[in-house]
Amino acid sequence: MRRRIEITLLMWICTCCLLVARPLAGQLDSLLSVTPLMRTSEAGIAVYDLTAGISVYRYQADKLYRPASVEKVITSVTALSVLGTGYTFRTQLAYTGTIEQDTLKGDLYVIGGFDPEFMESDLVRLADAAGQAGIRVIKGRLVGDISLMDSVYWGPGWSWDDTPESFQPYLSPLMLNRGCVDITVSPSAKGKPAKVTVLPQSDYYELDNRTLSRTPSAGKLRITRNWLTNGNRIILTGNVTGPYTRTLNLFDSSAFFMQSFWKRLQTRAVEISPDSIAYGVCPDEASRLYIHERPLDAVLKRALKKSDNLSAEALFYHVGLNASRDKRSISNADGQRAIRLFMEKSVGISPEDFRIADGSGVSLYNYVSPDLLMAYLRYAYAHPEVFRPFYDALPVAGVDGTLSYRMRGGKAFRNVHAKTGTVTGVSSLAGYVHASNGHLLAFVIINQNVLKSREARTFQDRFCEILAR
């Protein structure tokens, strides 16, 4: 009798859930039918009620699409699961030979650990560590150990003409300021060249300032570099009427790091020849001077909140490193294999039906489905040790990250926690939202073949508002 009551109660709950789902599905169908965007583009959509444990809406959810940056959902959930929140990204300083009085009679090594957040202040600490060891003269070489990764600095399927944009830096185990420089211009006297500041300061690049202040005939302000020839001459032309900052990548992140580090050593009165910069593998018997550690949380938050491609690629490569413990040097292929292994063994989905080419979603070779992304959102929810840091790192509607200027009103405001994605022709959104009945919903929206991303974002925002109601 008790079991019959339990079965009856379960059937009643399922019926209620279906009754709730029907009007929601009708509203979403209506939105799709009246949105002009849908006449010229494709969409794949999945919505799942995590609280009730049922799918509440699907539209072409099993089809393959280019994901753009919502692929960072796959990368982040995998990284949190296999690396854990206690994982760190290490940059190390070591030496061979002996320190006699104030002289290092040997080589000083910087061992790259692909820390995407290594900045100017960290480089100063690295240089300080040499001084604190009593080193004032280096008779040997200054060696960059970049053996962690192969020499391919971009992912497969990345667009060559996205350089010199900051969102596509040259990947390296040694990164400084994310492989970029920040260029700030401000006007001086009318007709005179603008004032230019470039940070971090380094003699690795050169400045070609052809700007004019408050001179309309000079044309539109343009800041670039001679990237077609892999040069690092920063070229500024045009009219400057007010303060403006632009960030550019530099060719060869490893060389930028090492040249800048050599300069920082000099400013700390460490005598070393500029011809001493070299690259090689640090011997196992080398003595460690300093280890700089970056917690995974800092990298995860930037990858998701800011949709930072470099941070996502660092997570991707370290997932590959974790799965390839017997290898000293890893490649993009190692990251791919690690993602595929986790997809099959932990998420329970065959990787043969999809293509994951990189960790950031930049590649034109990526193909996933809304159903696949939904599986990762559900996996995260089912594992609290993954869900809490993942959920907290997602942009919040109308509050921060890539959603700071979206959904700033209505019930979606401060409610939607989701990852955005945008590349040419693709706009996507995937994450979580609380419905008015208190249930937590997971959703995935991928708009494909989109000429105007703004129209897709408007559609996605309206979609989320319906879910929140």
Side-chain angles (χ1 to χ4, degrees), residues 12-39 41-61 70 73 304-305 370-371 373-378 380-382 387-388 390-422 427-448 450 452-469:
W12 180 81
I13 292 172
C14 290
T15 302
C16 289
C17 289
L18 289 172
L19 288 173
V20 171
R22 282 174 185 167
L24 173 62
Q27 291 178 65
L28 297 177
D29 282 339
S30 178
L31 177 64
L32 284 166
S33 67
V34 301
T35 300
L37 178 72
M38 300 308 300
R39 291 200 297 268
S41 65
E42 290 289 331
I45 300 169
V47 182
Y48 192 91
D49 188 326
L50 294 164
T51 306
I54 58 171
S55 174
V56 294
Y57 191 77
R58 296 179 74 256
Y59 178 81
Q60 301 187 144
V70 292
V73 167
L304 294 177
K305 290 281 187 190
D371 281 342
L373 287 165
M374 179 59 71
Y376 278 83
L377 294 174
R378 292 177 59 189
Y381 179 75
F387 181 70
R388 182 43 56 190
F390 176 64
Y391 185 79
D392 289 346
L394 289 169
V396 182
V399 176
D400 62 14
T402 53
L403 285 179
S404 27
Y405 297 105
R406 292 177 60 177
M407 294 176 269
R408 303 185 78 175
K411 293 188 178 295
F413 177 56
R414 295 184 180 272
N415 183 354
V416 171
H417 288 233
K419 181 71 202 73
T420 59
T422 305
S427 179
S428 49
L429 189 68
Y432 306 96
V433 58
H434 281 95
S436 57
N437 63 355
H439 287 207
L440 182 63
L441 308 180
F443 67 90
V444 179
I445 310 168
I446 303 179
N447 291 104
Q448 200 93 58
V450 175
K452 297 179 181 178
S453 295
R454 179 177 53 81
E455 294 179 355
R457 290 193 294 268
T458 299
F459 165 76
Q460 294 159 12
D461 293 354
R462 290 173 178 168
F463 192 99
C464 288
E465 183 64 25
I466 292 173
L467 296 183
R469 293 203 300 264

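Residue numbers start at 1 and run along the sequence shown.
Here the shortest heavy-atom pairing between Pro395 and Leu403 reads O-CD1, 3.6 Å. Looking at every heavy atom in both residues, Tyr48 comes nearest to Gly53 through OH-O, 2.9 Å. Shown here for Val73 and Lys419, the closest heavy-atom pair between the two residues is CG2-CB, 3.9 Å.
Residue pairs meeting the ring-ring contact (aromatic ring centres under 6.0 Å, His included) criterion with at least one member in residues 392-421, sequence neighbours excluded, are Tyr391-His417. For residues 25-39, there are no salt bridge (charged side-chain N to carboxylate O under 4.0 Å, His left out) pairs, not counting sequence neighbours. Legend: salt bridge (charged side-chain N to carboxylate O under 4.0 Å, His left out) pairs involving residues 428-444, not counting sequence neighbours: none detected. Pairs of residues two or more places apart, or lying in two chains, that qualify as salt bridge (charged side-chain N to carboxylate O under 4.0 Å, His left out) and include a residue from residues 399-410 are Lys305-Asp400, Arg406-Asp461. Applying the side chain to side chain donor-acceptor pair (under 3.5 Å) test to every pair with at least one member in residues 427-436, sequence neighbours left out, gives these pairs: Ser427-Gln460.
Listed by chain and residue number, nothing satisfies the side-chain hydrogen bond (donor to acceptor under 3.5 Å, both in side chains) test with Arg414 (two or more places apart in sequence, or in another chain). Applying the side chain to side chain contact (heavy atoms under 4.5 Å, CB included) test to Ala393 and every residue at least two apart in sequence or in another chain returns Leu300, Lys301, Leu304. Considering only residues two or more places apart in sequence or on other chains, Glu42 meets the side chain to side chain contact (heavy atoms under 4.5 Å, CB included) condition with Gln60, Tyr65, Gln448, Asn449. For Thr402, the side-chain hydrogen bond (donor to acceptor under 3.5 Å, both in side chains) test picks out Thr420, with sequence neighbours left out. Not counting sequence neighbours, the partners of Glu455 by the side chain to side chain contact (heavy atoms under 4.5 Å, CB included) test are Leu37, Lys452. In this view, Asn415 satisfies the side-chain hydrogen bond (donor to acceptor under 3.5 Å, both in side chains) rule with no residue, not counting sequence neighbours.
No side-chain donor-acceptor contact under 3.5 Å links Ser30 to the backbone of Gly26.
With a 4.5 Å cut-off on side-chain heavy atoms, Val70 and Leu373 count as touching.
Atom-to-atom distance recorded for Leu50:CG and Met374:CE is 7.5 Å, nearest 0.5 angstrom. Taking CG of Asp49 as the reference point, atom CG of Leu24 lies at 9.5 Å (rounded to 0.5 Å). Going from atom CZ of Phe387 over to atom CG of Leu377 covers 9.0 Å, rounded to the nearest 0.5 Å.
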Assess the residue pair Asn447 and Phe459 against the criterion (side chain to side chain contact (heavy atoms under 4.5 Å, CB included)); give the C-alpha distance rounded to whole Å, side-chain angles, the decisive distance to 0.1 Å, and a yes or no. CA-CA 9 Å; Asn447 291 104; Phe459 165 76; 3.8 Å; yes
Under the side chain to side chain contact (heavy atoms under 4.5 Å, CB included) criterion, do Phe443 and Leu429 qualify, and how do the steps go? CA-CA 8 Å; Phe443 67 90; Leu429 189 68; 3.8 Å; yes
Only distances under 3.5 Å count here; give the side-chain donor-acceptor pairs of residues 462-469 to other protein atoms, sequence neighbours excluded, each with its distance to 0.1 Å.
unit_1 : atom_1 : unit_2 : atom_2 : d
Glu465 : OE1    : Lys411 : N      : 3.3
Glu465 : OE1    : Ala412 : N      : 3.1
Glu465 : OE2    : Lys411 : N      : 2.9

